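Just so you know, these numbers use all the heavy atoms, side chains as well, and skip hydrogens, waters and symmetry mates. For clarity, every value in this text was computed on a predicted model and none was experimentally measured.
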Amino acid sequence: MSVSTKDKQVGRARRHYRVRKKVAGTAERPRLAVFRSNKHISAQVIDDRSGRTLAAASSVEKSVRDAGATGNKTAAGAVGRLVAQRAKSAGVSRVVFDRGGFQYHGRVAAVAEAARQAGLEF
């Protein structure tokens, strides 16, 4: 038996809500949230107390799209480096990682590793 797409979406949303009860971004240590779709990946650095996005990057951006495919680990690494660079220019050096209910594997892990190598502390 296969699990329907709706069941997968509901399960991911449940995991995300469960994690978000414990993980919250502050001004000193904002949240690095990752969203993955089949074609693209995006990452945001969010201060939950003020409700503001401090930095963001996505594989939809022209600079990442022109480099090649957008749904692979190479593109995810580029997004991780880009969001880390933008976060550092916004004055953020430490973040808490929010995998968004996705497994810490593949493209989600590639974003985190690239952000770490670019200078963000988790």
Please check: side-chain N/O of R15 versus main-chain N/O of G101, any donor-acceptor pairing under 3.5 Å?
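Indeed, once roles are kept as given, a pair shorter than 3.5 Å links the two residues.
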
Test item: R12 side-chain N/O and G100 main-chain N/O as donor-acceptor pair under 3.5 Å
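Confirmed, R12 side chain pairs with G100 backbone.
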
Residues which pass side-chain contact (heavy atoms from CB on, under 4.5 Å) with [X], listed by chain and number, not counting sequence neighbours:
X: R52; answer: S50
X: A57; answer: E61, V79, L82, V83, R86
X: A87; answer: V45, A55, V92, L120
X: T5; answer: Q9

* To do: Please write out which residues are connected to V96 in a hydrophobic cluster, directly or through intermediates, given that two of Ile, Leu, Val, Met, Phe, Trp, Tyr count as joined at side-chain heavy-atom separations below 4.5 angstrom.
  =>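 In the cluster with V96 are V19, V23.
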
In chain order, what residues pass the side chain to side chain donor-acceptor pair (under 3.5 Å) check against [X], with sequence neighbours excluded?
X: N38; value: none
X: K21; value: none
X: H16; value: none
X: T26; value: E28

message = For a quick test of reading the model, state the closest non-hydrogen atom pair linking A43 to L32 and the distance between them.
response =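 Heavy atoms only, the tightest pair is CB-CD1, 4.1 Å.
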
Practice task
Mind listing the closest non-hydrogen atom pair of D47 and A27 along with its distance?
Solution key: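 Looks like OD1-N, 3.5 Å.
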
query: Quick one: are R36 and V111 in side-chain contact, heavy atoms under 4.5 Å?
result: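 No, too far: nothing below the 4.5 Å cut-off.
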
Q) Are any non-hydrogen side-chain atoms of V108 and Q103 less than 4.5 angstrom apart? A)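 The answer is no, as the side chains (C-beta and beyond) never meet within the 4.5 Å cut-off.
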
Query raised in the report: Does I41 share a hydrophobic cluster with I46, counting links as ILVMFWY side-chain heavy atoms below 4.5 Å and allowing steps through other members?
Result: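 No; I46 is not reachable from I41 via cluster members.
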
Legend entry - Pairs involving residues 106-115, ordered by first then second residue, that meet salt bridge (Lys or Arg N to Asp or Glu O under 4.0 Å) (sequence neighbours left out):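 Those involving residues 106-115 are E113-R116.
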
Measure the CG-NZ distance between D98 and K22 for me, rounded to the nearest 0.5 Å.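 Separation between the atoms: 13.0 Å.
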
How long is the gap from CZ on R94 to CD on E121, to the nearest 0.5 Å?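 Here the interatomic distance stands at 5.5 Å.
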
Quiz item: With F97, which residues qualify under ring pair (Phe, Tyr, Trp, His ring centres under 6.0 Å), at least two apart?
Solution: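 F97 satisfies ring pair (Phe, Tyr, Trp, His ring centres under 6.0 Å) with Y104, F122 once adjacent residues are dropped.
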
| task | Please list all pairs passing the side chain to side chain donor-acceptor pair (under 3.5 Å) test where one or both residues lie in residues 67-76, with sequence neighbours left out. | result |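 Applying side chain to side chain donor-acceptor pair (under 3.5 Å) to every pair that reaches into residues 67-76, excluding sequence neighbours, yields H40-T70.
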
